[in-house]
Amino acid sequence: MSKFKTSSDIPVEECYTEFNGNLPQPGEYPFTRGVYPSMYRSRLWTMRQYAGFSTAEESNKRYHYLLNQGTSGLSVAFDLPTQIGYDSDHELSEGEVGKVGVAIDSIEDMRTLFKGIELEKISTSMTINATASTLLALYIAVAKEQGADIKKISGTIQNDILKEYAARGTYIYPPKASMRLITDVFEYCSKEVPKWNTISISGYHIREAGATAVQELAFTLSNGKAYVRAALEKGLDINVFGKRLSFFFNAHNNFFEEVAKFRAARSMWAKIMKDMGATDAKAMMLRFHTQTGGSTLTAQQPQNNISRVTLQAMSAVLGGTQSLHTNGFDEALSLPTENAARIALRTQQIIAHESGVTHTVDPLAGSYFVEELTSKMESEAQKLMDSIEAMGGAVNAVEEGFIQDQIAKSSYDFQKQMEACEQIIVGVNKFEIEEDQNTDLLTVDEHIRTSQIEKLRLLKSNRDENQVNQVKTLLASNAKDGVNLMPTIISAVEAKITLGEIADIFRDEFGEYQG
């Protein structure tokens, strides 16, 4: 292990323990201090930059740019039609194609999205939920075309539908059908794609909707318990699928509260998994990705967001994240420009290589404030989780509207505090200035939908319709009969059946959730 020193030549130990009382060591159950004994001294977190806009061609250019700038993992944003299972030529897609992410209608788009990128050598995260099984199938199909061993491809698919019902809204099917698709992914990947993280249980969007840090923690872990129960009911081994669960948290502005939240999350999840039957330590570890808080970004004085993002990113690192995305300073105004994306990535690189915070494990451990806050965060979140358990778990709590109501109340309370200047937002309700809005913004070509429609027309005119009809019939039959759907979805995308066509087959079988 390398020796570390401060700029004043003071040696820095790998881990400090003598001031920490009875705290567990890093890498030891319940992993409060980190999931690995040496944390960033031996390996930095994965520096992901969330990107995707316009067409697959344009997003591919951005991915190559980010990889050339030193990012170590890709994170894909999809447009709204892709998220809710509509092809670009559907009437409901008008005005939305390529706007908040990349448009992916078929295997042709996915092939273009990753052109020149070896999927066996890069870790990819995909933020997709209702259509997660189809996007994963497309990724696997392209990896196979590249000649990759799919047992070696790695990454994460969000695949977290419960938070969509509670906080975000991009669901398609009723909860039970959605849970079936999720557990089909669990089962398939545990055998065929063992290095893939099959779900990223997301507190990020819960926080973006207005939840407090305690609520983000409680609702996220309650959702996690629901997914574990569903997998156990399907007969899956908790010590196998438990290792492929990952989490996705928000890093907000209250620096020490965020650090405490991340530390508490690890401790709570380890205990939950142990209570649910896990005996393998790796199945009890909470590994997580962090994204800085989108809702904290301001359109006023947007360069102030660079400071906000830096503080939030630092809290994630001091809290022990395994992967991190830093937002562009201009994202309250538009999708990030190349300049903003580069500054965001450089923020992570400066923290990693210049700040010195990576030289020792859990450097805030033993702080009276941090330890007390970690303990209080855990106890308050547990009270809320107990209330959810009394309702029968997260699925019931969502169906009864409990989680939605709690988030809405917290969001309303924060808005009142801000309007009364009890909560200061620099540049918004204090320290305001007159400013000209001359920030360069990224704009998306309005003709993207036209080009996507033409691609779909060509795709459908150059596919084997007999094969298409056979696979569609098999997919509908397997959906009805409870067969694991992943192999058939992969066959469907390889036969050039589109994302929207697959979603429509499931709509016919499962129905649509009206929430």
Side-chain angles (χ1 to χ4, degrees), residues 56 76 78 82-83 85-90 103-115 119-120 124 126 128-153 155 157 159 172-173 177-196 198-199 234 236 244 455-510:
V76 185
F78 298 98
T82 303
Q83 293 180 47
Y86 293 120
D87 289 333
S88 297
D89 59 0
H90 194 284
I104 299 293
D105 294 323
S106 71
I107 193 168
E108 300 283 357
D109 290 329
M110 195 62 127
R111 192 180 291 136
T112 302
L113 186 67
F114 291 104
K115 184 178 180 180
L119 299 187
E120 196 176 304
T124 303
M126 294 189 282
I128 194 73
N129 297 283
T131 55
S133 54
T134 303
L135 269 300
L136 178 57
L138 285 162
Y139 191 88
I140 290 169
V142 170
K144 287 165 65 178
E145 286 182 352
Q146 291 185 356
D149 180 351
I150 66 168
K151 291 190 183 299
K152 294 181 180 178
I153 63 172
I157 196 152
N159 204 24
I172 305 174
Y173 319 112
S178 295
M179 294 294 276
R180 181 258 179 103
L181 285 167
I182 288 166
T183 54
D184 279 0
V185 171
F186 285 4
E187 183 178 45
Y188 175 82
C189 288
S190 68
K191 299 171 184 174
E192 305 296 335
V193 198
K195 294 180 70 176
W196 196 269
T198 50
I199 192 167
K234 201 176 180 74
L236 303 183
R244 303 324 306 174
K455 288 180 191 175
L456 282 165
R457 187 191 67 76
L458 288 172
L459 175 90
K460 291 178 180 180
S461 67
N462 288 289
R463 65 185 187 180
D464 184 336
E465 285 303 318
N466 287 330
Q467 182 188 21
V468 166
N469 291 331
Q470 288 174 5
V471 177
K472 282 184 174 181
T473 300
L474 180 62
L475 190 58
S477 173
N478 287 349
K480 187 183 299 290
D481 295 340
V483 175
N484 189 304
L485 290 166
M486 277 304 297
T488 321
I489 298 172
I490 294 170
S491 296
V493 301
E494 290 175 333
K496 300 183 180 179
I497 297 172
T498 69
L499 174 134
E501 290 173 317
I502 292 168
D504 283 344
I505 290 169
F506 293 157
R507 283 186 179 96
D508 289 342
E509 178 57 35
F510 303 141

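Along the sequence shown, residues are numbered consecutively beginning with 1.
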Q. Distance-only, no hydrogens or angles: does the Glu187 side chain make a donor-acceptor pair with backbone N or O of Leu236 under 3.5 Å?
A. no

(Q) Whether the side chain of Thr183 engages the backbone of Met179 through a donor-acceptor N/O pair (distance < 3.5 Å, no angle test) should be reported. (A) yes

Q: Report the C-alpha separation of Leu499 and Thr82 in whole Å, then their side-chain angles, then the decisive distance to 0.1 Å, and conclude whether the side chain to side chain contact (heavy atoms under 4.5 Å, CB included) test is met.
A: CA-CA 8 Å; Leu499 174 134; Thr82 303; 4.0 Å; yes

Q | Exam field: side chain Asp105 to backbone Ser88, donor-acceptor pair closer than 3.5 Å | A | yes

Q | Salt-bridge present (Glu509, Arg507; N to O < 4.0 Å) | A | no

Q) Rounded to the nearest 0.5 Å, what separation is found between the CG atom of Leu119 and the CG atom of Asp149? A) 12.5 Å

Q) Between Lys496 and Leu459, is there a donor-acceptor pair closer than 3.5 Å when you use the side chain of the first and the backbone of the second? A) no

Q: Verify side chain to side chain contact (heavy atoms under 4.5 Å, CB included) between Gln83 and Ile128, making sure each step is shown before the conclusion.
A: CA-CA 6 Å; Gln83 293 180 47; Ile128 194 73; 3.9 Å; yes

Q. Once you round to the nearest 0.5 Å, how far does CD of Glu108 lie from NZ of Lys455?
A. 9.5 Å

Q) Under 4.5 Å between any side-chain heavy atoms of Cys189 and Leu136, yes or no? A) yes

**Q.** Lys152 atom NZ, over 12 foreign heavy atoms within 6.0 Å
**A.** no

Q: Mark yes or no for whether Arg111, through its side chain, and Ala141, through its backbone, hold a donor-acceptor pair below 3.5 Å.
A: no

Q: Give the C-alpha distance, both sets of side-chain angles, the deciding distance and a yes or no for side chain to side chain contact (heavy atoms under 4.5 Å, CB included) between Ile157 and Tyr139.
A: CA-CA 10 Å; Ile157 196 152; Tyr139 191 88; over 6 Å; no

Q: Could you pull out the closest heavy-atom pair between Ala132 and Asn159, with the gap in Å?
A: CB-OD1, 3.3 Å

Q: Considering non-hydrogen atoms only, spot the tightest contact between Ile172 and Ala130 and give its length.
A: CG1-CB, 3.6 Å

Q. Using 30° and 60° as the class limits, which term best fits the ring planes of Tyr173 and Phe510: parallel, tilted or perpendicular?
A. perpendicular

Q: Check Ala137 against Ile490 and note the closest heavy-atom contact, atom names and distance.
A: CB-CG1, 3.7 Å

Q: Not counting sequence neighbours, which residues clear salt bridge (Lys or Arg N to Asp or Glu O under 4.0 Å) with Arg244? List them please.
A: none

Q | Validation row: Glu145, Met110 side chains within 4.5 angstrom (heavy atoms) | A | no

Q: Please check if the side chain of Asp87 supplies one atom and the backbone of Asp89 the other of a donor-acceptor pair under 3.5 Å.
A: no

**Q.** Backbone of Ala143 reached by a side-chain donor or acceptor of Glu120 within 3.5 Å
**A.** no

**Q.** Spatial distance of atom CG (Leu138) from atom CG (Leu113) [nearest 0.5 Å]
**A.** 10.0 Å

Q) Is there side-chain contact between Arg180 and Leu485, with at least one heavy-atom pair below 4.5 Å? A) yes

Q. Judged by atom type as modelled, is there a donor-acceptor pair below 3.5 Å linking the side chain of Asn484 to the main-chain atoms of Met486?
A. yes

Q.
How close do Val471 and Ala492 get, counting heavy atoms only, and between which atoms?
A. CG1-CA, 3.6 Å

**Q.** Pairing of Lys234 and Asp184 as salt bridge, 4.0 angstrom limit
**A.** yes

(Q) Between Val468 and Glu465, does the side chain to side chain contact (heavy atoms under 4.5 Å, CB included) criterion hold? Intermediate values first, please. (A) CA-CA 5 Å; Val468 166; Glu465 285 303 318; 4.0 Å; yes

Q) Can you name the closest pair of heavy atoms from Ile489 and Ser133 and give their distance? A) CD1-OG, 3.6 Å

**Q.** Ile140 CD1 to Glu192 CD distance, which is reported to the nearest 0.5 Å
**A.** 9.0 Å

Q | Rounded distance [0.5 Å steps], CG in Leu181 versus CZ in Phe506 | A | 5.5 Å

Q: Working to the nearest 0.5 Å, report the span between CG of Leu458 and OG of Ser106.
A: 10.5 Å

Q. So which heavy atom on Trp196 is nearest to which on Thr124, and how close?
A. CH2-O, 3.6 Å

